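This one's a predicted model, so the numbers in the text were calculated from it and none came from an experiment.
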Amino acid sequence: MGSAAPLSASVLLLLLLLRRAEQPRGAELTFELPDNAKQCFHEEVEQGVKFSLDYQVITGGHYDVDCYVEDPQGNTIYRETKKQYDSFTYRAEVKGVYQFCFSNEFSTFSHKTVYFDFQVGDEPPILPDMGNRVTALTQCPNASPTPLPPLRVPV
C-alpha cells in the first residue's frame with residue numbers, strides 16, 4: 001500500500017508535465033537598443049509548430065528599427081527595415097533554434113526602446129468548443145427570424 005502513493009504521485013506529475021508541454025509558451029520583453037547596435041534573441045521551435053513575433057518601438061528617434069528572423073539553417077524568413085511596429089507568424093519547417101534580431105545600426109545618435117512578444121505554439125480557443133458555436137461576433141445582423149420594424153425619425 002505504501003508504494004501505491006508514490007506511483008500515483010509520479011503518474012500525476014507526468015500528466016501535469018505532458019499537459020504543460022501542449023500549452024503555448026512565449027516571452028514578452030521591453031529593452032533598450034543603443035544607437036549603432038543589434039540585439040538578437042533565440043528560441044528552439046519544433047517542426048510544424050507555429051510561432052509569432054509582434055514588436056513595437058516605444059521611444060527613440062523616428063520610432064523605427066530593422067528586424068529579421070532566421071531559421072536554424074540561417075535562411076532569412078522575415079525582414080523589414082525601419083519599421084515602427086509589425087507582426088510576423090510562421091509555421092516552423094525545420095526543428096531547431098530560430099533567431100530574431102532587432103537592429104538600430106542605421107542610427108548614429110538615437111537609441112530606441114523596443115517591446116516584443118514572441119509566442120510559440122497554437123493558442124487554444126477561449127472556450128473548448130468555440131469552433132463549433134455561433135457567437136455574437138459571427139452572427140449576421142439580418143438573420144433575425146422576425147423582421148425589425150423600420151426606424152422612424154421624428155420630424
Side chain to side chain, Val114 and Ile58, heavy atoms closer than 4.5 Å: no
Of Phe118, Phe31, Phe51, which is the lone residue that meets ring pair (Phe, Tyr, Trp, His ring centres under 6.0 Å) with Phe41? Phe31
Atom of Gln47, atom of Glu93 and distance for their closest heavy-atom approach: NE2-O, 3.2 Å
Stepwise side-chain hydrogen bond (donor to acceptor under 3.5 Å, both in side chains) test for Tyr68 and Lys38: CA-CA 11 Å; Tyr68 64 89; Lys38 178 171 76 171; 3.2 Å; yes
Phe102 CZ to Glu80 CD distance, which is reported to the nearest 0.5 Å: 12.5 Å
At their closest point, which heavy atom of Ala92 faces which heavy atom of Val45, and how far apart are they? CB-CG1, 3.7 Å
For the residue pair Val120 and Arg25, establish whether any side-chain heavy-atom pair is separated by less than 4.5 Å. yes
If only side-chain N and O atoms count, and only distance matters, is there a donor-acceptor pair under 3.5 Å linking Ser52 with Gln119? no
Between Ile77 and Val49, is there a shared hydrophobic cluster once you connect ILVMFWY residues whose side-chain heavy atoms come closer than 4.5 Å? yes
State whether a side-chain donor-acceptor pair under 3.5 Å links Glu70 with Tyr98. no
Can you measure from SG (Cys101) to CG (Asp66) and round to the nearest 0.5 angstrom? 11.0 Å
Show the numbers, then the answer: is there a side-chain hydrogen bond (donor to acceptor under 3.5 Å, both in side chains) between Asp54 and Gln56? CA-CA 7 Å; Asp54 300 302; Gln56 180 173 1; over 6 Å; no
Looking at Val94 and Pro72, what are the two nearest heavy atoms and their distance? CG2-CD, 3.6 Å
Pairwise distance NZ(Lys95) to CD(Glu44) - rounded to 0.5 angstrom: 5.5 Å
Just to verify, which of Leu33, Val65, Thr113 counts as forming a side-chain contact (heavy atoms from CB on, under 4.5 Å) with Val57? Val65
Can you check side-chain contact (heavy atoms from CB on, under 4.5 Å) on Phe106 and Asp64, steps first, answer last? CA-CA 10 Å; Phe106 57 84; Asp64 56 351; 3.8 Å; yes
Compare all side-chain heavy atoms of Tyr55 with those of Asp117 and state whether any distance is below 4.5 angstrom. no
Kindly say whether Ser110 contributes a backbone atom to a donor-acceptor pair with the side chain of Asn104 at under 3.5 angstrom? yes
Just do the side-chain contact (heavy atoms from CB on, under 4.5 Å) check on Cys67 and Leu53 with the steps written out, would you? CA-CA 10 Å; Cys67 179; Leu53 171 66; 3.9 Å; yes
Counting C-beta onward and ignoring hydrogens, is there a side-chain heavy-atom pair between Lys50 and Thr89 closer than 4.5 Å? yes
Do His111 and Glu32 come within less than 4.5 Å of each other through their side chains, counting heavy atoms only? yes
How many angstroms lie between OG1 in Thr30 and OH in Tyr115, if you round to the nearest 0.5 Å? 7.0 Å
With a 3.5 Å distance limit and no angle check, can you tell me whether Thr76 reaches the backbone of Tyr78 through a side-chain donor-acceptor pair? no
So for atom NE2, which belongs to His62, do other residues, nucleotides or ligands contribute more than 12 heavy atoms lying within a distance under 6.0 Å? no
Here's one to test your reading of the geometry: is the NZ or CZ of Lys112 within 45 degrees of the ring axis of Tyr63 and under 6.0 Å from its centre? no
Hydrophobic cluster membership, Phe88 vs Tyr85, 4.5 Å side-chain cutoff: no
